[in-house]
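Inspection log for the structure reproduced underneath, given as structure tokens.
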2 protein chains.
Amino acid sequence: MNQGTDLRGLIGYQIQRAHLVMGADARAALAPFDLSPAKFTALLLIRDNPGCDQTALGRALSVNRSSAMKLVNILEERGLVERRAGRDLRTNALFLLPEGEVQIGAMIEAVHQSDARMTQGLSRQEAEQLLVLLRKISGEEPMSDSEADTGIA
Amino acid sequence: MNQGTDLRGLIGYQIQRAHLVMGADARAALAPFDLSPAKFTALLLIRDNPGCDQTALGRALSVNRSSAMKLVNILEERGLVERRAGRDLRTNALFLLPEGEVQIGAMIEAVHQSDARMTQGLSRQEAEQLLVLLRKISGEEPMSDSEADTGIA
DNA sequence: TATTGTTATACTCTATAACTATA
DNA sequence: TATAGTTATAGAGTATAACAATA
């Protein structure tokens with residue numbers, strides 16, 4: 001199937017394709033833990049930002065409050081994270097539970113192995129360069145929440 | 001929100017984030033045409049592979065026959081593409097219609113402008129290097145169809 | 001038997017809108 | 001008024017499983 005120069009030269013198209021193949025492999029790597037890549041990312045963000053609230057988590061994941069809730073619900077049902085009282089009575093503070101700490105090590109290992117496998121055609125310098133270029137596109141900080149959820153109810 | 005080294009160092013994670021921001025911009029660029037990025041890609045593939053069948057189109061897009069059908073249905077409803085008799089009585093041959101040719105030029109222009117806008121932080125050399133590295137990850141040819149649809153019924 | 005198109009159905013992910021409690 | 005969480009509902013996108021026609 002001929003992709004044509006209009007597609008081949010689009011960085012967005014190549015990113016979409018790379019995302020497809022890498023996402024599929026990461027999903028397979030996480031299948032034994034019954035977690036999607038997005039839920040794994042949420043778990044890691046909670047571990048690295050203990051006490052964060054759901055809105056901040058959603059902002060980091062570029063999903064709105066409602067979607068963040070569903071993620072946290074599942075992680076909580078699995079006994080991986082916990083909602084505690086937050087800084088005021090409206091907010092939850094999220095924490096990784098011991099069971100989450102036990103499992104997250106193996107998850108990280110599996111995902112990093114997947115990442116290495118999918119980029120094995122790249123030299124170490126190329127992989128490092130790719131990280132730098134990708135971070136330039138997405139910026140170092142997550143997308144603003146205002147585009148996903150204005151908070152206007 | 002602290003991303004942590006376990007996430008920051010994952011190429012798959014950075015690709016996911018870049019895909020998110022670039023996909024959103026491309027979607028906005030295509031909004032005046034009421035087409036998603038995937039449907040635009042399908043349209044371009046049909047233009048550049050006149051007479052291709054739906055299964056081949058799906059393979060190039062990494063979706064199965066059923067999903068490819070829905071894409072073609074919408075493009076056909078819009079009067080952009082046409083199903084003609086294929087090489088045997090089972091297959092459809094897909095062709096871009098004059099109305100599709102009229103519209104596709106402006107679509108390509110909009111998407112390329114979006115692509116340039118989202119990568120304006122990159123030098124020309126960096127953009128070229130990024131294309132090369134991304135193609136190394138996804139390979140030059142689309143993912144095998146056998147993983148999306150075995151054809152076993 | 002295998003393949004193409006097709007249809008019906010279901011699942012995942014995410015958004016929108018509204019509500020409650022709190023600030 | 002504004003914000004955090006919550007809930008119900010809806011939409012997009014895709015997969016699975018089956019079927020008919022054809023190879």
Side-chain angles (χ1 to χ4, degrees), chain A residues 16 19-20 23-24 26-28 30-31 34-42 51-77 81-94 143 145-153, chain B residues 16 19-20 23-24 26-28 30-31 34-42 51-77 81-94 143 145-153:
Chain A
Q16 195 270 336
H19 177 240
L20 198 66
R27 191 170 297 273
L30 286 167
D34 198 24
L35 282 189
S36 64
K39 296 192 187 80
F40 163 74
T41 303
C52 71
D53 64 38
Q54 294 177 189
T55 300
L57 177 67
R59 193 183 311 130
L61 292 166
S62 300
V63 298
N64 69 10
R65 289 174 295 151
S66 173
S67 300
M69 251 223 59
K70 294 201 172 185
L71 290 175
V72 174
N73 283 348
I74 289 168
L75 297 178
E76 195 181 40
E77 284 164 17
V81 306
E82 185 183 39
R83 285 172 163 112
R84 293 191 207 152
R87 54 182 193 286
D88 61 55
L89 290 177
R90 295 175 301 181
T91 60
N92 294 327
L94 305 175
M143 174 193 279
D145 187 50
S146 60
E147 288 161 51
D149 183 357
T150 60
I152 301 169
Chain B
Q16 193 270 338
H19 177 241
L20 198 66
R27 191 169 296 273
L30 286 167
D34 198 23
L35 282 189
S36 64
K39 296 192 188 79
F40 163 73
T41 302
C52 70
D53 64 37
Q54 294 177 188
T55 300
L57 178 66
R59 193 183 312 130
L61 293 166
S62 299
V63 298
N64 68 10
R65 287 174 296 151
S66 172
S67 300
M69 251 223 56
K70 293 199 173 184
L71 290 174
V72 174
N73 282 348
I74 289 168
L75 297 178
E76 195 181 40
E77 285 165 18
V81 307
E82 186 182 40
R83 286 171 162 112
R84 293 191 208 152
R87 56 182 191 286
D88 62 55
L89 290 176
R90 295 175 301 181
T91 59
N92 294 326
L94 305 175
M143 175 192 281
D145 188 50
S146 62
E147 287 160 52
D149 182 356
T150 60
I152 301 170

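Heavy atoms only: backbone and side chains are in, while hydrogens, waters and symmetry mates are out. Proteins get letters first, then strands, A, B, ... in listed order; numbering begins at 1 in each. Since the model is a prediction, treat every value here as computed from it, not as a measurement.
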Rounding to an integer number of Å, can you tell me how far [X] [atom1] sits from [N] [atom2]?
{"X": "A:Asn92", "N": "D:dA4", "atom1": "CG", "atom2": "P", "answer": "12 Å"}
{"X": "B:Arg65", "N": "D:dA21", "atom1": "CZ", "atom2": "P", "answer": "16 Å"}
{"X": "B:Met69", "N": "D:dA18", "atom1": "CE", "atom2": "C1'", "answer": "15 Å"}
{"X": "A:Asn73", "N": "D:dT6", "atom1": "CG", "atom2": "C1'", "answer": "9 Å"}
{"X": "A:Leu35", "N": "C:dC13", "atom1": "CG", "atom2": "C1'", "answer": "15 Å"}
{"X": "A:Leu57", "N": "D:dG5", "atom1": "CG", "atom2": "C1'", "answer": "13 Å"}

Are any of B:Thr55's side-chain N or O atoms less than 4.0 Å away from OP1 or OP2 of C:dG5?
->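 Yes, such a contact exists.
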
So does A:Thr91 get a side-chain nitrogen or oxygen closer than 4.0 Å to the phosphate oxygens (OP1/OP2) of D:dT3?
->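 False: A:Thr91 side-chain N/O out of range (4.0 Å or more) of D:dT3 OP1/OP2.
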
Got a sec, which residues hit side chain to side chain donor-acceptor pair (under 3.5 Å) with A:Arg83, two or more places apart in sequence or on another chain?
-> A:Gln54, A:Asn73, A:Glu76

Nearest heavy-atom pair of [X] and [Y]: which atoms, and what distance?
{"X": "B:Ala42", "Y": "B:Leu61", "value": "CB-CD1, 3.9 Å"}
{"X": "A:Asn64", "Y": "A:Ser67", "value": "OD1-N, 3.0 Å"}
{"X": "A:Ala85", "Y": "A:Ala93", "value": "O-CB, 3.7 Å"}
{"X": "B:Val72", "Y": "B:Val81", "value": "O-CG2, 4.3 Å"}

Can you find a donor-acceptor N/O pair under 3.5 angstrom joining the side chain of A:Ser66 to the base of C:dT14?
->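 There is none.
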
Partners of A:Ala26 by side chain to side chain contact (heavy atoms under 4.5 Å, CB included), sequence neighbours excluded?
-> A:Pro37, A:Ser114

For B:Gln16, which residues count as a side chain to side chain contact (heavy atoms under 4.5 Å, CB included) partner, sequence neighbours excluded?
-> A:His19

Sequence neighbours excluded, the answer for salt bridge (charged side-chain N to carboxylate O under 4.0 Å, His left out) partners of A:Arg90 is A:Asp88

With the criterion being N/O to N/O and under 3.5 Å, what pairs connect the protein with nucleotides 21-23 of chain C, and how long is each?
residue, atom, partner, partner atom, Å
C:dA23, OP1, A:Leu89, N, 3.0

Write down the protein N/O and nucleotide N/O pairs, taken from nucleotides 12-14 of chain D, whose separation is under 3.5 Å; answer none if there are no such pairs.
residue, atom, partner, partner atom, Å
D:dG13, OP2, B:Lys39, NZ, 3.1
D:dT14, O4, B:Lys70, NZ, 3.1

Name the one of B:Asn92, B:Thr91, B:Leu94 that satisfies side-chain contact (heavy atoms from CB on, under 4.5 Å) with B:Cys52?
-> B:Leu94

